[in-house]
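What follows is a single structure, written as C-alpha cells, with notes after it.
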Amino acid sequence: RDVVVTSTNLNNDGCDPEGRVNVLIENCEFNTGDDAVAIKAGRDQDGWRVGQATENIVIRNCQMNSKANGLCIGSEMSGGVRNIYMEDCKVSNAGSTIYFKANMDRGGFIENVWVRNIDVEKARARCIAFETNYQGYRGNYFPPVFSDFMIENIYCKDGGKYAIFGEGVVDSKLRNITLKNIKIDKAQIPYHLMFIENWKIDNVTIGGEFMPGKPLMSKERAEQVEPMIYYKNDKEG
C-alpha cells in the first residue's frame with residue numbers, strides 16, 4: 001500500500017507477483033520503463049516443474065504511467081494465473097492498458113479475471129489486448145488457455161493502434177470474455193479478433209461507433225505491435 005515506484009530504465013517493471021497467492025496492491029503509483037504490474041507464474045519447464053499458480057491478486061486505486069503496459073499478465077505464466085481483480089485505477093500513458101499474453105512454447109492458463117472502473121488517457125499500441133502466441137520462437141505447441149474475463153466500465157481517450165485486440169489459436173480459442181460499458185474515443189483500428197468463442201459485447205463504443213455484438217473475425221494475423229515502437233518517438237512516453 002501507498003508505494004511510489006519510479007523505475008524508468010528499459011525492462012524495469014513496477015511490481016511482479018510470481019507464484020504468489022493472496023496479494024493486494026493498493027494506492028500505489030507506478031512510473032516504469034516496462035510494465036507497471038506484471039503477473040507471472042514461472043517460465044517454460046521451470047514453471048511446469050514447480051506447478052505453482054499465481055492466484056487471488058487484487059489491484060486497486062493505483063496510478064500507472066508506463067513505457068510498456070499498465071496491467072500485464074504473462075508471458076512467463078506456465079504455472080497458470082487465476083482470480084485477478086483490478087479496479088478503480090488510472091492509466092495516464094502505456095503501451096497497452098491491460099494486456100494478457102502467453103506463447104505456444106510455455107502453455108499455461110489465465111482464467112477468472114475481473115477488470116472494472118479504469119480511466120485511460122493514452123494507450124500507444126492497444127487499449128485491451130489478448131494474445132496467446134506472443135513471441136514464441138522454439139516451435140513447440142502447447143496452446144495456452146484463456147477463459148472467463150469480465151472487463152467493464154473502461155474509458156479511454158486514445159486507444160492507439162488497436163482499441164480491442166484478441167488473437168487465440170485454432171486449438172485454444174479465447175473463451176468466455178465479456179466487454180461491457182467501454183468507451184474508447186479513438187483508435188486507428190477499432191478491433192482485431194481471431195479464434196474467439198463466446199464473447200459478449202455490451203455497450204462498447206470505439207470512435208463513436210458501437211462495436212457489434214457479434215463482430216466479424218479477422219482473416220489474418222495482425223502485424224506484431226510492440227509498445228517499444230510507440231515510445232521511441234513518443235515525447236509523452
Side-chain angles (χ1 to χ4, degrees), residues 35-36 64 66 68-75 84 86-87 89-103 110-134 144-170 172-227 229-230:
D35 303 328
M64 300 173 174
S66 166
N69 307 296
L71 169 65
C72 184
I73 300 180
S75 64
I84 308 300
M86 177 182 180
E87 63 179 356
C89 291
K90 293 184 177 181
V91 180
S92 57
N93 196 346
S96 296
T97 304
I98 47 177
Y99 187 12
F100 311 104
K101 61 181 180 178
N103 69 43
I110 302 174
E111 63 185 20
N112 302 337
V113 176
W114 290 263
V115 178
R116 65 182 182 182
N117 304 336
I118 310 297
D119 254 351
V120 185
E121 286 286 328
K122 184 175 183 179
R124 297 181 303 277
R126 296 166 283 206
C127 184
I128 300 169
F130 305 80
E131 190 171 3
T132 57
N133 198 19
Y134 169 82
V145 176
F146 286 19
S147 67
D148 301 292
F149 292 75
M150 177 69 178
I151 300 175
E152 61 180 334
N153 302 340
I154 311 292
Y155 172 61
C156 176
K157 289 184 179 179
D158 186 347
K161 183 154 190 178
Y162 296 93
I164 310 291
F165 184 97
E167 282 196 353
V169 293
V170 64
S172 187
K173 296 179 181 179
L174 303 173
R175 290 188 170 92
N176 304 332
I177 294 172
T178 298
L179 305 178
K180 181 178 180 181
N181 298 335
I182 296 172
K183 181 181 179 183
I184 300 171
D185 284 347
K186 66 177 182 178
Q188 293 179 42
I189 300 170
Y191 63 88
H192 167 85
L193 301 173
M194 291 186 68
F195 302 117
I196 68 172
E197 183 178 297
N198 193 29
W199 278 48
K200 296 180 181 179
I201 311 296
D202 183 1
N203 191 32
V204 176
T205 61
I206 302 167
E209 300 289 334
F210 280 95
M211 185 175 176
K214 293 184 178 179
L216 295 174
M217 300 302 100
S218 305
K219 294 181 179 180
E220 297 180 354
R221 285 181 56 85
E223 62 183 283
Q224 187 72 25
V225 177
E226 290 293 339
I229 294 172
Y230 287 82

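Residue numbers start at 1 and run along the sequence shown.
Contact between Pro190 and Ala163 at its shortest, heavy atoms only, is O-CB, 3.0 Å. The shortest heavy-atom contact between Ile206 and Met211 is CD1-SD, 4.2 Å. Between Leu71 and Met64, the closest heavy-atom pair is N-SD, 4.2 Å. Scanning both residues, Ile201 and Gly213, for their nearest heavy atoms gives CG1-O, 3.7 Å. Across all non-hydrogen atoms, the minimal contact from Cys72 to Lys101 is SG-CE, 3.4 Å. When all heavy atoms are compared, the tightest approach of Thr97 to Ala123 is OG1-CB, 3.7 Å.
Note that NZ of Lys90 is 11.0 Å distant from CD1 of Ile118, once rounded to the nearest 0.5 Å. Put simply, CZ on Arg126 and CD1 on Ile98 are 12.0 Å apart, with the number rounded to the nearest 0.5 Å. Rounding to the nearest 0.5 Å places NZ of Lys186 at 10.5 Å from NZ of Lys157. For the atom pair OG of Ser147 and CD1 of Ile110, the computed distance is 9.5 Å after rounding to the nearest 0.5 Å. Atom NE2 of His192 sits about 10.0 Å away from atom CE of Met217, to the nearest 0.5 Å. Atom CG of residue Asn153 and atom CZ of residue Arg116 lie 8.0 Å apart, to the nearest 0.5 angstrom.
Applying the salt bridge (charged side-chain N to carboxylate O under 4.0 Å, His left out) rule to pairs touching residues 189-207 yields Arg175-Glu197, sequence neighbours excluded. Legend: salt bridge (charged side-chain N to carboxylate O under 4.0 Å, His left out) pairs involving residues 203-212, not counting sequence neighbours: none detected.
Asn93 is not listed as a side-chain neighbour of Glu121, based on a closest heavy-atom distance of 4.5 Å or more. Phe210 places a side-chain heavy atom less than 4.5 Å from the side chain of Asn203. Contact annotation: the side chain of Tyr191 approaches that of Pro212 to within less than 4.5 Å [non-hydrogen atoms, C-beta and beyond]. By the 4.5 Å heavy-atom criterion applied to side chains, Tyr99 and Glu131 are counted as neighbours. Inter-residue side-chain proximity for Ile182 and Ile128 is flagged as met; some heavy-atom pair is nearer than 4.5 Å. Between Ile184 and Ile164, the closest side-chain pair of non-hydrogen atoms falls below 4.5 Å. Looking at Val115 and Ile154, their side chains come closer than 4.5 Å, going by heavy atoms from C-beta outward. Using a 4.5 Å cut-off on side-chain heavy atoms (C-beta onward), Ile189 and Lys161 make contact.
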Stepwise, does the side-chain contact (heavy atoms from CB on, under 4.5 Å) test hold for Ile177 with Ile196?
-> CA-CA 9 Å; Ile177 294 172; Ile196 68 172; over 6 Å; no
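Listed for the Thr132 side chain is no donor-acceptor partner under 3.5 Å among the backbone atoms of Val145. Of the possible donor and acceptor atoms, one in the side chain of Asp35 sits under 3.5 Å from a partner among the backbone N and O of Asn69. Put simply, the side chain of Ser218 gets close to the backbone of Leu193: a donor and an acceptor are under 3.5 Å apart. Judged by distance alone, the side chain of Glu167 and the main-chain N or O of Asn133 form no donor-acceptor pair under 3.5 Å. Side-chain N or O atoms of Ser66 include one that pairs as donor or acceptor with a backbone N or O of Ala68 at under 3.5 Å.
Listed by chain and number, the residues in a side-chain hydrogen bond (donor to acceptor under 3.5 Å, both in side chains) with Lys183 amount to none (sequence neighbours excluded).
Ring geometry for Phe165 against Tyr162 counts as perpendicular: the plane angle is over 60°, on a 0 to 90° scale with 30° as the lower cut.
Trp199 pairs with exactly one of Phe146, Phe130, Phe149 by the ring-ring contact (aromatic ring centres under 6.0 Å, His included) rule, that one being Phe130.
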